[in-house]
2 protein chains.
Amino acid sequence: MTAIETAPPGAPAEGTRARVERAALDLFTLRGFEQVTTDEVADAAGISRRTFFRYFATKADAVWGDFAAHVTRLDELLAATDPAQPVLASVCAAYVEVNDYAVAELPLLRERMLLILTEPALLAHSQLRFAEVDRVVARHVAGRSGTAATDLVPRLVAATTRAAATTAFEAWLADERSALGTHLRQAFAELTAGFPGLLR
Amino acid sequence: MTAIETAPPGAPAEGTRARVERAALDLFTLRGFEQVTTDEVADAAGISRRTFFRYFATKADAVWGDFAAHVTRLDELLAATDPAQPVLASVCAAYVEVNDYAVAELPLLRERMLLILTEPALLAHSQLRFAEVDRVVARHVAGRSGTAATDLVPRLVAATTRAAATTAFEAWLADERSALGTHLRQAFAELTAGFPGLLR
DNA sequence: TGCCCCGTGGCACCCGGTGTCATTAGCCTC
DNA sequence: GAGGCTAATGACACCGGGTGCCACGGGGCA
């Protein structure tokens with residue numbers, strides 16, 4: 001692996017993070033997350049191992065992109081929902097909207113989510129990232145329903161809607177040609193109606 | 001840390017695993033999971049670090065006890081449910097029953113679950129163990145509903161009921177004097193009814 | 001007595017992650 | 001234009017989880 005346009009020290013290093021993400025995604029997809037060392041990723045991105053860990057706190061974080069921004073956007077979408085409609089509907093709508101990606105971004109999203117939901121180490125790590133989402137959702141439900149964010153119902157809504165969203169992602173990944181929004185809407189419909197599909 | 005009754009090599013080593021579990025649980029609870037090294041756990045249990053990793057594949061596994069047996073029992077309970085009642089009700093009932101612990105076991109369960117749901121590293125690891133549960137549940141739902149275990153609904157039921165159960169566990173841990181079964185039943189009631197508690 | 005089996009411990013090694021320090025480039029000021 | 005500050009980088013040493021390998025030693029068996 002030879003370095004691609006090695007950045008000089010002290011330089012602005014614009015776009016280094018994105019370059020590392022690409023290198024990591026490529027290698028992980030090609031050979032598997034655990035089979036690739038951080039040394040190899042750093043090398044492919046033209047930086048040192050030490051610098052890799054300055055851009056990403058953990059090896060797993062290189063797969064997630066700017067997830068914090070994603071969570072922030074979900075939070076904003078929740079805050080902007082119509083207070084007249086039921087809370088649960090607001091949460092589902094916000095989930096659908098925050099996952100309404102442009103067509104050009106879909107291949108990257110597929111690559112990321114395929115790794116996250118397929119590789120055991122990344123699946124384990126996902127719990128920590130998704131916990132941030134749960135907190136945001138639970139806080140919103142609590143605010144809207146006049147309860148505490150630590151109460152059962154707000155946390156229940158957060159945990160189950162997130163589980164439903166994750167399952168929808170899995171279904172989307174399994175079907176190359178389907179639309180993510182369709183799976184999300186179907187999953188939320190089943191969930192909010194108490195799984196009527198099981199009463200055949 | 002001095003060794004407690006060091007087992008001689010070649011000996012049957014009866015009860016060693018249980019002794020290691022106790023030592024691990026004690027140390028993790030006392031000082032935190034990440035702050036305790038496997039060397040210390042092994043030392044406290046009177047074995048070598050190398051032997052620790054023969055009893056437990058990972059440091060986290062020392063907290064889980066015989067979880068595989070737990071999953072097997074859930075599987076059996078699911079198989080024994082009344083086929084006449086709705087599948088979702090069967091799953092919830094099996095969840096409640098598999099978590100109906102004897103009073104004497106509750107302190108140990110509390111200690112385990114508090115660690116698992118509180119320590120980030122253990123929370124991440126839990127996703128891997130819970131995935132086994134999800135597979136069992138999804139398989140049962142698929143069998144009962146005439147669908148494939150990879151379809152959306154079976155996986156949805158597995159993921160959301162498990163999320164509800166985990167949330168119930170959190171509520172139980174937060175309230176020292178409450179009964180686990182109560183939280184589980186309440187969580188499942190909310191879930192299967194589509195969260196009627198939010199329509200105030 | 002001699003043999004095999006197997007649980008064990010010791011050792012070296014890999015890899016993820018962290019603290020520390022020296023280097024270097026860009027920039028700002030005098 | 002020289003000097004000094006800042007920030008990104010890389011090299012190095014170190015820690016801890018996890019693994020492969022081998023040697024030991026006791027119990028059971030022929």
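Numbers restart at 1 for each chain; the letters A, B, ... are given by sequence-line order, proteins then strands.
- In this structure, A:S178 and A:A171 approach most closely via the heavy-atom pair OG-O, 4.5 Å.
- Counting to the nearest Å, the P atom of D:dC15 and the CZ atom of B:R49 are 13 Å from each other.
- When rounded to the nearest whole Å, the span between CD1 of A:I47 and P of D:dA11 equals 12 Å.
- When distances run from any side-chain atom of A:T51 to the nucleotides C:dG9, D:dT9, C:dG17, the shortest one goes to D:dT9.
- Applying the 4.0 Å criterion to OP1 and OP2 of C:dG7, one finds that B:Y55 has every side-chain N and O outside that range.
- Using a 4.0 Å cut-off, no side-chain N or O of A:S48 falls inside it from OP1 or OP2 of D:dA11.
- Distance B:R17 CZ to C:dG7 C1': 15 Å, rounded to the nearest Å.
- The side chain of B:R54 has C:dT8 as its nearest neighbour among C:dG17, C:dT8, D:dG10.
- Residue A:D39 contributes atom CG, which lies 12 Å from atom P of C:dC14 at whole-angstrom precision.
- Of the two residues contacting DNA chain C, namely A:F56 and B:R50, the nearest-nucleotide position lying further toward the 5' end is that of B:R50.
- The residue B:V36 sits close only to the backbone: its heavy atoms come under 4.0 Å of sugar-phosphate atoms, none of a base.
- Summarising the geometry, the separation between CZ on A:F53 and P on D:dC14 is reported as 19 Å, rounded to the nearest angstrom.
- A salt bridge links A:R112 to A:E21: at least one charged side-chain nitrogen sits closer than 4.0 Å to a carboxylate oxygen.
- Checked by atom type, the side-chain pair A:T58/A:D61 shows a donor-acceptor distance below 3.5 Å.
- Look at CD on B:E34: it is 13 Å from C1' on C:dG16, rounded to the nearest Å.
- With respect to A:K59 and A:E34, no salt bridge is recorded, no charged nitrogen being found less than 4.0 Å from a carboxylate O.
- For A:T37, whose side chain is taken as the heavy atoms from C-beta onward, the closest listed nucleotide among D:dG17, C:dC15, D:dT9 is C:dC15.
- When the P atom of C:dG16 is taken as reference, atom CG of A:D61 falls 14 Å away, rounded to whole Å.
- The aromatic rings of A:F188 and A:Y95 sit tilted, their planes meeting at an angle between 30° and 60°.
- With rounding to whole Å, A:Q35 atom CD is found 17 Å from C:dC14 atom P.
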